Protein chains: 2
Amino acid sequence: MPPSRRAANSLQSPRLASAEPGHGVTLADVALAAKVSLATASRVFSHPQLVREATAQRVHDAARRLSFRPNLLGAKLRAQQTRIIGVMLPTLDNAVFAECWRGIEESAMSAGYSLMLVTSNYEPARERERVEYLLRHRVDGMVLTVADASDSTVLDQLDREAVPYVLAYNQVAAQGTGSQRHSVSVDNRTSADEGVKALIAAGHRRIAVISGAFTASDRARQRFAGYEDAMRANGLPVLAPVNLPSHTASNADQIRRLMADGTAPTAFFCTNDLLAIGVISDLKRLGLRVPADVSVLGYDGIALGGLVEPPLATVVQPNADIGAQAIARLLRRLGSAGAPQLADAAASQALLLPHALRLGGTVGPPA
Amino acid sequence: MPPSRRAANSLQSPRLASAEPGHGVTLADVALAAKVSLATASRVFSHPQLVREATAQRVHDAARRLSFRPNLLGAKLRAQQTRIIGVMLPTLDNAVFAECWRGIEESAMSAGYSLMLVTSNYEPARERERVEYLLRHRVDGMVLTVADASDSTVLDQLDREAVPYVLAYNQVAAQGTGSQRHSVSVDNRTSADEGVKALIAAGHRRIAVISGAFTASDRARQRFAGYEDAMRANGLPVLAPVNLPSHTASNADQIRRLMADGTAPTAFFCTNDLLAIGVISDLKRLGLRVPADVSVLGYDGIALGGLVEPPLATVVQPNADIGAQAIARLLRRLGSAGAPQLADAAASQALLLPHALRLGGTVGPPA
DNA sequence: TTGAAAGCGCTAACAG
DNA sequence: CTGTTAGCGCTTTCAA
C-alpha cells in the first residue's frame, strides 16, 4: 500500500474495544459528521469569528452528538504553547501557600490557563528537579517561591533560558541591581520593622526573634533585618535570632532555655504564623500566659490566626492576592511575547502589595 | 512542490530568533548530531535495552551537548497516554487536604507520573467543570474527593466514560451495592463512633455535633451516623446536628445560643478539626474554659491540632497516607489496563486505613 | 541492533 | 467564509 492519503477518519484504526463516550472521538470525526473540513471544525473552537454562524452550529451539534472532547495535547503540540503555568511552592502544609494557591488557581483558570503544581519543601536540590520537570512539560511560564532568590541556581537557569516567571513572596531588590526579575510580595523588611515597632510602642524592650532556617527563606532574613531596624531606631539591643528547625513540632526546650535566662524577652517576633502558634503553645506549657506574661507577634496573616483565642497578632500579607497578582503579571509578560523585557522594563519589577498589622490578641504590654 | 518527504530535521523551520538553550532542540537534532536515526535516538530514552551501549552513549553525549530537553507533549500525544494524574480536592485551605497532597505528590512523582491539581470548593457545579478540564488534558486517571460520592454526577460520568479513578476520603459502601468504585479512607462511621464513645466514657451525656454542611460532605454525614450509633448504644439522646456554614469564620452566635440553653451540652464532637479549633475559640470568647467547662473532640488529626495548647483531642486520619495509597491503587489500575475491573474485583474496592484516637487535651470529664 | 515511514489530534498558512 | 495541506515532537510497527 502506497503512503495513500486516507480519509480524514480511519475507521479501522485500533479503537479500544471498550466504548468510552467522548474518548477517541476526534475533531476529524466531528468535521465528517458536520460535513465540513477539519480546518473549519477547528476554527469553530479556536476562532469562532472566522466561521459562519450556521456552519458553526452544525459543528457544535455534531460535537455534542458525538460527545467530542478536544484533546488539548494536539492543540498544545501544534500551537507550540501549552497555556500551562507551572507553579512551585515550598509546601502546602503552611497555610500561607495554600491560601496563595487559591488566588493562583482562580486567576489562572479564569484566564483560560492550566496549572501544574509542584512543591520544593524549601530544598534547592528539589527545586532544580521540579523546575526541570515543569520545563519538560513545556509550561509557558512559572510562578514560584524559591528558598533564596538572591542565590538561586534555579532562577539563574530560568533567566538563561529566558523562561518567563514571576516570583511570589520572594522580594527582589527594589531596583538598581539591574536584575530583570519580577516579583510580587509585601515589603518584608518594612512591614517587619512596623510590626516590631508596634511591640516597642506597647512597651517591650527585650524582644527576641524566632525564625525558621535563614537558609531556607530569604523572607525570614529580610524580616529579621526589619526587626534590627526597629530595635536600632529605638536604641534597643538586637538579640541573636533563634532559628528553629521545624514549624510543625514542639520546640519547647529551646523556648524554655530562652525564658530561663535572667534576661528573658518579654515579647517574641516570629517570622511566620505557624511558628508563632507553636511558640505560644510552648509558652503555655511552660506555664506562661500570652499575652499577660509574654507577647507574641507573628507574620503572614493566615486565616487560622484569626480563629484562635486570643487572636494571633501578626503582620498580614494578602496571600491569595499575592498569588493572583503573580499570575496577572505573568500573563502580561506572556501576552506581550514579542519584546517583554523592554516592554515593561519601566514598570517596577518588584510589585509590593500592602501589608497590615493585626494587633491586640497575643500582643499586650509587658508584664 | 510535491508533498515531498523532507529530511527529518528542517533547518529552515521558523526557529525563534532568541537563543534559548534547550528550547527548540528536538530529538531529531540530537539524532543528527549523534549520527543515528530519529528512531534510535528515541529508543535511547524510552527503551534503552533495545539499543547498543555505545550508540546510546553517543546519543546521550549529543543530548547533553545540545542541552536537549524532551518535549513531553509529543511523547504524550503519540503514546496516547499522558502519565498525568488529575487530582481534585475540595480546597487546600483545610490542612487535611494539604497534608493529603503531600502524600499524593510524593508517590506520584516517584512513580514517574505528573499531576494536575484542581479544587472544587465543595461545589458540585465546579466539580463538573474541573473534571471536564482534567479530561481535556487527557489525564490517565484521577484521584478525587467529591462532595457526595453517593450522589455525584461527576462520578457517574467518570464511570460511564470508564475513566479510572480512586476516591480519597469519600468512603464507598463496603460491598454488596455492586458499585465498582474504589476509595481510600478511614472508616468514618466506626471511628466517629469510637470517638464519641470516648467522650461518653469520660462521663459526658449531653454531646452535640457541630458540622459543616451535610450536603457538602458525605464524610460529615457518616461521622454523624457514628455519633448516633454511640449515643444510641448508650441510651443517650441524639441531639440535632448544628450545621455551620463556614469553617473559617467565627460562629460565636450559634454557639452562644446553644450554651445559653438550660440543657447545654458538656461536650462537642466537631466533624473536622478546623471547625473544632473555631468552636474552641468561640467557647473561650464566651468565657468558657476547654476542657474544664466544655470538652471538644475534633476529627481529622491535622498537624496543627497537636501544636495548640491544650492539644486538640481528635480522631486522627493518616492524611498523607490516604493520598499515597489512593495514588498507589490508581497506579495499579492503570498498570493492568487490560481488564482492570475483573482483575481486582476480588480485592476490596474500599480500602479502609486505620484511624487513631488522640485524647486528653481538649477532652476531659464534664464540669 | 538500526532505519524508514506513518501518524497521534490539532492548528495555521495559503488558496480559493 | 471554507478547504487543502503541512507539520508540532515524539513513538512505534515493519523491514533490513
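Per chain, numbering begins at 1; letters A, B, ... match sequence-line order. No experiment lies behind these values; they were computed from the predicted model shown.
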Test item: side-chain donor near acceptor, B:Asp140 and B:Tyr113, under 3.5 Å | no

Got a donor-acceptor pair under 3.5 Å from the side chain of A:Arg43 to the base of D:dG3?
-> yes

Toward the 5' end of DNA chain C, by each residue's nearest nucleotide, B:Gln49 or A:Phe45 = B:Gln49

Hey, is the side chain of B:Ser37 poking within less than 4.0 Å of OP1 or OP2 on C:dG3, counting only N and O atoms?
-> yes

Figure out the CG/P separation between B:Leu27 and D:dT12, and round it to whole Å.
-> 12 Å

State whether B:Thr40 places a side-chain N or O below 4.0 Å from either non-bridging phosphate oxygen (OP1 or OP2) of C:dG3.
-> yes

Check whether any side-chain N or O of B:Thr82 sits under 3.5 Å from a backbone N or O of B:Arg138 as a donor-acceptor pair, and report yes or no.
-> yes

Closest to the A:Thr55 side chain, choosing from D:dT11, D:dT2, C:dC10 = D:dT2

Which whole-number value in Å describes the distance from A:His137 NE2 to D:dC8 P?
-> 22 Å

For B:Leu73 and D:dT11, give me the distance from atom CG to atom C1', rounded to whole Å.
-> 14 Å

Which one, C:dG3, D:dT11, C:dA12, comes nearest to the side chain of B:Val36?
-> C:dG3

Round to a whole Å and report the spacing from CZ of A:Arg52 to C1' of D:dC1.
-> 7 Å

Look at all strands and tell whether A:Leu50 reaches a base, only sugar-phosphate, or nothing, counting heavy atoms closer than 4.0 Å.
-> base

B:Ser42 side-chain N/O to D:dT11 phosphate OP1/OP2 under 4.0 Å | yes

Taking the inter-plane angle between the rings of A:Phe97 and A:Tyr169 on a 0 to 90° scale, is it parallel (under 30°), tilted (30 to 60°) or perpendicular (over 60°)?
-> perpendicular

Taken to the nearest whole Å, CD/B:Gln80 to P/C:dC10 is 10 Å

So among A:Arg102, A:Glu105, A:Glu106, which one has a side-chain hydrogen bond (donor to acceptor under 3.5 Å, both in side chains) with B:Thr119?
-> A:Glu105

Rounded to the nearest Å, what distance is computed from the NZ atom of residue A:Lys76 to the P atom of nucleotide C:dA12?
-> 13 Å

Where the side chain of A:Leu77 is defined as all heavy atoms beyond and including C-beta, which of C:dC10, D:dC10, C:dG9 is the nearest nucleotide?
-> C:dG9

From the list B:Leu155, B:Val146, B:Asp148, B:Asn121, side-chain contact (heavy atoms from CB on, under 4.5 Å) with B:Glu127 holds only for B:Val146

Please state whether the phosphate of C:dA12, meaning OP1 or OP2, lies under 4.0 angstrom from any side-chain nitrogen or oxygen of A:His47.
-> yes

Can you check the A:Arg83 CZ to C:dC10 C1' distance for me, whole Å?
-> 15 Å

Sugar-phosphate, base or nothing in reach of A:Ala79, heavy atoms under 4.0 Å = nothing

Once you round it to whole Å, what is the distance between P of C:dC8 and CG of A:Leu38?
-> 12 Å

